[in-house]
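Here is the structure we will look at, set down as structure tokens.
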Amino acid sequence: MPQRITIADAARHVGESVEIPGWLYNLRKSGKIVFPILRDGTGIMQCVALKSALPEDVFEELKHLTQESSLIVRGTIRAEPRAHGGYEMDIESVEILQKVSESDPYPITPKDHGVDFLMDHRHLWLRSQRQHSIIRVRHEIIKAVRDYFDDHGFTLVDTPIFTPAACEGTTTLFEVNYFDNDKAYLTQSGQLYNEADAMAFGKVYCFGPTFRAEKSKTRRHLTEFWMVEPEMAYADLEEIKRVAEEMVIYVVGRVLEKRREDLKILERDVAKLEGVQAPFPRLSYDEAVKNLQQHGSEIQWGGDFGGGDETILTQQFDRPIMVDRFPSAIKAFYMAPDPDRPEVALGVDVLAPEGYGEIIGGGQRIHDLDLLLRRIEEHQLPREAFEWYIDLRKYGTVPHGGFGMGIERCVAWICGLEHVRETIAFPRILYRLRP
Ligand code: 4AD
Ligand code: MG
């Protein structure tokens, strides 16, 4: 039996007789030769089948094979500089597992389909090259994020998904039934539990799905998205910003190092990514508001940035920017106030360049017991649900903080995509729960 290999591994098997299992991506014919183009998930390879080299019936079957039929090809690998990927296979035999019916052909053809059609066929759309590149870049980003924290003394401590209370405000909670008429909510962020974990371990991170019942139909919002959240005991806002900057630079560097081929398929301008170096410009919210007003935005001090504002701000810089000290009134209950100016919070947002908007939100948390109790009251949060969180301020409280980076927004930026819907295999967005 010939050795089974993948297309990505073909370079190491030149001159050998091997087999590759896969699917028919495309087929070209020219008289007594057919060129089945095979895909196997690791790459795409053109194969060459000569009529004279195959039994008549096999050749005929191959000649009429339909897109996405499953098959195993056997033959010899040959270097072919003109071929896509640099290698071809001279076919010696073929085993067809399933021929896709001619009367019910594979719905996605090389012609242009509308986005709605493609989203309805997301389970099949994932087989296309562009989607492969995006998902591979996503994989690299996730791996790089984990490596960064693992190599910098952070312990992975995963946080729960069913939670009894809100973290990021009550308006975007997904509610679920939790036995005996109890209610639970799908987590919006692991942060509150992360704070308990940081008091136990010092430096921790969690990485999981988070949920927001946001009625925002924008190119940046999902209802289910993945977030990585580091949290550090004995850390102030400056340290949190330093870690965020270092991590983003590391992640972009890793994608440039390992996924250049994919960035090329995505036609990403890599020069823009290569410019992602320290230091990131740092602005206060006050400075950002002045800047926006000078550029024609309607924003007033006290208001939150709209998507348009983020675009105006980030287009002025060639790398991500860090905006800190937002008005406390527009930020979450847990944000520590600036001791010199209590009306602003020690929070920071990192905005990606090229108009991609906020990829990171974080900051220093309130560590003073009395102030936290006041905030819980002001925000009308159910104190019972927060007793355990309040305990953290009773037993050895220290300045601490961290941030959350949304993976899909990060993928959209690094891949240069117009919309977050392509950054995850099965996106959950407003009005889309299927497939
Ligand atoms: O700014 P956010 O709401 O911050 C938090 O949740 C903090 N508790 C994190 C922390 O400090 N541990 O969300 C953080 C990031 C955003 O910057 C964005 O990248 C992403 O999560 N995000 C979303 N991504 C996609 N769709 C949505 N609806 C998102 N909402 C937030
Ligand atoms: Mg935010």
Side-chain angles (χ1 to χ4, degrees), residues 1-100 106 108-111 124-140 143 254-268 270 415:
M1 281 299 277
Q3 189 188 349
R4 181 170 285 199
I5 67 161
T6 61
I7 292 174
D9 244 5
R12 298 199 285 119
H13 297 277
V14 175
E16 293 173 26
S17 184
V18 296
E19 70 171 28
I20 307 180
W23 295 264
L24 189 72
Y25 192 68
N26 208 342
L27 189 74
R28 292 198 300 117
K29 306 172 213 187
S30 128
K32 295 186 165 124
I33 314 181
V34 295
F35 301 97
I37 298 169
L38 189 77
R39 65 161 197 92
D40 75 341
T42 74
I44 287 178
M45 189 160 92
Q46 175 161 289
C47 304
V48 183
L50 295 177
K51 191 174 161 112
S52 56
L54 292 174
E56 175 109 31
D57 54 333
V58 174
F59 184 80
E60 281 306 307
E61 215 179 348
L62 200 52
K63 196 168 161 186
H64 297 105
L65 204 58
T66 39
Q67 194 189 347
E68 285 303 315
S69 291
S70 42
L71 73 165
I72 300 172
V73 292
R74 303 192 177 94
T76 308
I77 302 291
R78 175 167 45 76
E80 173 52 76
R82 288 168 302 173
H84 178 99
Y87 300 90
E88 283 187 351
M89 175 191 273
D90 291 321
I91 293 184
E92 285 147 23
S93 73
V94 182
E95 187 183 324
I96 293 164
L97 278 80
Q98 187 204 32
K99 178 180 175 178
V100 171
Y106 185 68
I108 302 179
T109 55
K111 74 163 198 224
L124 303 177
W125 189 19
L126 286 172
R127 301 180 186 192
S128 74
Q129 259 193 303
R130 241 181 88 79
Q131 299 308 313
H132 276 205
S133 289
I134 295 168
I135 296 300
R136 277 194 293 253
V137 170
R138 177 190 171 99
H139 182 183
E140 192 65 45
K143 203 161 177 313
R254 268 278 291 271
V255 174
L256 283 168
E257 181 196 342
K258 306 259 189 189
R259 289 285 152 215
R260 278 215 179 236
E261 277 304 308
D262 292 308
L263 294 173
K264 203 161 132 196
I265 288 170
L266 296 169
E267 294 171 26
R268 182 66 167 109
V270 290
C415 290

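Only this structure's heavy atoms are used, side chains among them; waters, hydrogens and symmetry mates stay out.
Side chain of His84 to backbone of Gln46: no donor-acceptor contact under 3.5 angstrom is found. Using modelled atom types, no side-chain atom of Asp57 and backbone atom of Glu60 make a donor-acceptor pair closer than 3.5 Å. Under the 3.5 Å distance criterion, the side-chain polar atoms of Ser70 are matched with a main-chain donor or acceptor of Gln98. The main-chain N or O of Leu256 is found under 3.5 Å from a side-chain atom of Arg260 such that the two form a donor-acceptor pair. With Thr66 contributing its side chain and Val100 its backbone, the two residues share a donor-acceptor pair below 3.5 Å. Within the 3.5 Å criterion, the main-chain N or O of Val18 finds no donor-acceptor partner in the side chain of Glu16.
Between Val73 and the choices Ile91, Ile96, Leu62, the side-chain contact (heavy atoms from CB on, under 4.5 Å) rule is met once, by Ile91.
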Inset, instruction - May I have the step-by-step check of side-chain contact (heavy atoms from CB on, under 4.5 Å) for Arg127 and Tyr106, ending in yes or no? - result: CA-CA 11 Å; Arg127 301 180 186 192; Tyr106 185 68; 3.5 Å; yes

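Residue Lys29 places its NZ atom among more than 12 non-hydrogen atoms of other residues, nucleotides or ligands, all under 6.0 Å distant.
One finds the CD1 atom of Ile7 at 4.5 Å from the CG atom of Leu38 (value rounded to the nearest 0.5 Å). Between Leu54 atom CG and Lys63 atom NZ the span is 12.5 Å, to the nearest 0.5 Å. In this structure, CE in Met45 is found 10.5 Å from OH in Tyr87, a value given to the nearest 0.5 Å. Taken from CD in Glu140 to CD in Glu257, the straight-line distance is 8.0 Å, to the nearest 0.5 Å. Here the CG atom belonging to Asp9 is positioned 8.5 Å from the CD atom belonging to Gln3, to the nearest 0.5 angstrom. Taking OG of Ser69 as the reference point, atom CD of Glu61 lies at 9.5 Å (rounded to 0.5 Å).
Under a 4.0 Å N-O distance rule, the pair Arg4/Glu19 qualifies as a salt bridge. In this structure, Glu92 does not pair ionically with Arg74, as no charged nitrogen and carboxylate oxygen lie closer than 4.0 Å. With respect to Arg136 and Glu261, no salt bridge is recorded, no charged nitrogen being found less than 4.0 Å from a carboxylate O. A salt bridge links Glu56 with Lys51; the closest basic N to acidic carboxylate O contact falls under 4.0 Å.
Residues Pro36 and Leu27 approach most closely at CA-CD1, 3.5 Å, considering heavy atoms. Closest of all the heavy-atom pairs between Ala79 and Val14 is N-CG1, 4.2 Å. Taking each heavy atom of Pro2 and Ser17 in turn, the nearest pair found is CB-O, 3.6 Å. Nearest heavy-atom pair, Asp262 versus Ser133, reported as atom, atom and distance to 0.1 Å: OD1-OG, 2.9 Å.
A 4.5 Å side-chain heavy-atom check between Ile5 and Ile20 finds at least one atom pair inside the cut-off. Contact of the Gln129 side chain with the Ile44 side chain is registered, since non-hydrogen atoms from C-beta on lie closer than 4.5 Å. Gln67 has its side chain out of reach of Leu24: every pair of non-hydrogen atoms, C-beta onward, lies at least 4.5 Å apart. Contact of the Val34 side chain with the Phe59 side chain is registered, since non-hydrogen atoms from C-beta on lie closer than 4.5 Å.
With sequence neighbours left out, His139 forms a side chain to side chain contact (heavy atoms under 4.5 Å, CB included) with Lys143.
Taking the ring centre of Tyr25 as origin, the terminal cationic atom of Arg39 falls outside the region bounded by 6.0 Å and 45° from the ring axis.
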